[in-house]
Each structure stands twice: as C-alpha cells, then as structure tokens.
Amino acid sequence: MLEIYILTLFPDMFRGVLSESILKRAVERGHVRFELINFRDFAPDRHRTVDDYPFGGGVGMVLKPQPIFDAVDDIRTRVGSVTNERVLLMTPVGRPFTQSFAEELADTNGRLIFICGHYEGFDERIAEHLATDEVSLGDFVMTGGEIAAMAMIDAIVRLLPGVLGNEASAKDESFVSGLLEYPQYTRPADFRGLTVPDILLSGHHERIRRWRHRQALWRTWRRRPDLLERVALSADDRALLRAWQNGDFSDLDDES
C-alpha cells in the first residue's frame, strides 16, 4: 500500500477530491492511504504562527521551518521510518512534474509526504534538509501548493496496480509511450454528418493499431514537437515526419 501524507494549512481543500471517483475507490480497495495534516498544529505559540518576515527584507511572508520539520518528525515517530520515503515540496522552482515522474513515484510502494506551501515561500532549510524532491506543476505561480499536490496525487494513484478497472487503459494514454494519445471515437458512428473514420469500424486490429500510431505521431508533431526529441522513432516514423515537414500529407489517412 502507498501511504500519502499531505501537510497543508487548508486540509478541507482536499476532502472532496480524496473522497470521490478513482481516489475514493483506491482507498476502499486498500491501494492507498491518505492522511491530512495541518502543520499549523505544530506551531508552539498561542497564535499558532507558521510564517515570519524574511531576513534581509522583501515582500511577503515566509513559512518557518520548525512547524514543518516537527510535522514530518511526528509522522515518522507515529508510523515508523521507511527506506522508500519521498518528501515532496510543492514549489515553482522545482523539477517539472511529468508522466515519467508520476510513474517513478507510483513505483515506491512506500510513503509520499507532500508539503504544500503558502505565502511567499518556504525557509530554504526545508528544501535543503527535509525535502527529497522539489516539484513544480508547471511554469506558473499559484497561491499555494494544494491544487498542484491534488493533480500530482491523482496522476500517481491511478498508476498503482489494481486502481484502474482496466490495467491496459493507462498504457495507451498520452505521454506513456512518449507520444500524445491518438483520437478516440464512440457511438453514434454518424453524428450530425460527422463520421467516424472507416478504419475504426473495420474490425481489422492490426490496421487500426497502425492508424492509431500514425495519428498519435501526427498529433504530437503538430501540438508538442518537443516530445519527439525524447521518443525512440522507427524508420517508418522518421519517414512520415520527413514527408510532413515537406508538406506531403498523403500518408496521413492511409488505412492500408
């Protein structure tokens, strides 16, 4: 079972997300366990202060190290230490979160501790001496780390064995193969004169597989060409890309 601890000043933000849909079923089936921890509870003063002005001056308030260090210490004291523990600090200066990173974290089968910040940021000692990973959802700034943590948790938990009803469904999704996912269609085959490609109605599985791969390659080339730099392309793939770059799209809808 994967244990996920979430350190946040706003635990109520998570309750709806963790109690619905796939995340709820993952808990019920014993694949994951969540614990919400308000690290304000570890502030020693009567005002439960968790932030202070930055040394050297500057705008905004900075989260103090003591409440967060003590909250993590409390987890380790209560449930014991594990070797495969990752402490994830939500920060815009961190490592970009990707599908491969989600797979890496889902493979831990141990403990993930998410630290969600607020205000101007964290005392740097939290990043240097407590966190194992600084993680960013993207190149933008949010008011806090809660929404980023929710997105990451969803991406991680759905990869745990047994969480999805169809284990094969995760293997064909965008970014798993390195390419964006191919187009999907469902009934009716003709909706307001908009028809499903004939190949998908043919029942010819190998031709459908080739068509889907070609469409995934095309979609990636048009929308996220940067991804192609990290994909192992076949000789046929490279030939298709050269043709498209030269303006030849005759093979795009070839169903042979």
Side-chain angles (χ1 to χ4, degrees), residues 1-53 59-80 82 85-94 97 101-102 105-106 108 110-123 126-127 130-138 140-160 163-164:
M1 175 190 292
L2 179 63
E3 297 180 358
I4 296 181
Y5 298 84
I6 304 164
L7 275 59
T8 172
L9 296 173
F10 303 96
D12 285 344
M13 290 181 66
F14 288 87
R15 300 195 194 281
V17 173
L18 301 181
S19 61
E20 297 288 345
S21 188
I22 289 175
L23 295 182
K24 177 184 178 181
R25 293 197 297 272
V27 172
E28 292 174 342
R29 295 172 181 173
H31 299 300
V32 64
R33 185 176 77 84
F34 296 108
E35 183 175 329
L36 294 167
I37 298 168
N38 189 337
F39 57 85
R40 191 181 295 279
D41 294 339
F42 294 86
D45 66 305
R46 65 187 182 91
H47 298 294
R48 303 172 73 208
T49 306
V50 296
D51 61 332
D52 208 336
Y53 294 102
V59 178
M61 305 290 281
V62 176
L63 286 169
K64 300 168 66 174
Q66 175 270 319
I68 296 176
F69 270 82
D70 283 1
V72 173
D73 287 345
D74 179 70
I75 294 171
R76 293 167 177 167
T77 299
R78 287 189 293 111
V79 298
V82 294
E85 175 187 88
R86 303 282 284 268
V87 180
L88 308 168
L89 189 66
M90 304 293 97
T91 169
V93 303
F97 187 73
F101 196 3
L105 295 173
T108 61
R111 176 186 300 160
L112 300 179
I113 300 175
F114 286 82
I115 303 177
C116 305
H118 244 72
Y119 311 120
E120 187 62 24
F122 297 94
D123 184 293
I126 298 171
L130 183 61
T132 59
D133 303 86
E134 297 180 73
V135 193
S136 170
L137 190 61
F140 50 88
V141 179
M142 306 176 74
T143 56
E146 284 78 11
I147 294 176
M150 292 176 200
M152 294 178 193
I153 288 169
D154 183 87
I156 293 165
V157 171
R158 66 193 308 278
L159 295 174
L160 298 176
V163 168
L164 294 180

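Quick caveat: nothing in here was measured; it's all calculated off a predicted structure.
A distance of 9.0 Å separates CG in Asp123 from CG in Leu63, rounded to the nearest 0.5 Å. Atom CG of residue Asp70 and atom NZ of residue Lys64 lie 11.0 Å apart, to the nearest 0.5 angstrom. One distance of note links CZ of Phe14 with CG of Leu23; it measures 11.5 Å at 0.5 Å rounding. In this structure, the separation between CZ on Arg86 and CZ on Arg111 is 14.0 Å, given to the nearest 0.5 Å. Rounded to the nearest 0.5 Å, atoms CD (Glu134) and CD1 (Ile126) are 10.5 Å apart.
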Under the side chain to side chain contact (heavy atoms under 4.5 Å, CB included) criterion, do Glu85 and Ile113 qualify, and how do the steps go?
-> CA-CA 8 Å; Glu85 175 187 88; Ile113 300 175; 3.7 Å; yes
Would you sort out whether Asp41 and Arg48 count as a salt bridge (charged side-chain N to carboxylate O under 4.0 Å, His left out), showing the intermediate values?
-> CA-CA 7 Å; Asp41 294 339; Arg48 303 172 73 208; 2.4 Å; yes
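Judged by distance alone, with hydrogens and angles left aside, the side-chain atoms of Asp133 form no donor-acceptor pair with the main-chain N or O of Val135 at under 3.5 Å. Here the side chain of Thr132 pairs a donor or acceptor atom with the backbone of Val87 at under 3.5 angstrom.
Side-chain contact check for Asp73 versus Phe42: every heavy-atom pair is 4.5 Å or farther apart. Counting heavy atoms from C-beta outward, Ile75 and Leu7 have side chains that approach closer than 4.5 Å. Annotation: side chain of Leu18 is in contact with side chain of Leu36 (closest heavy-atom distance under 4.5 Å).
For the pairing with Cys116, the side-chain contact (heavy atoms from CB on, under 4.5 Å) check across Leu88, Leu89, Ile6 returns one residue only, Ile6.
Among residues at least two apart or in separate chains, salt bridge (Lys or Arg N to Asp or Glu O under 4.0 Å) pairs with a member in residues 4-18 are Asp12-Arg15.
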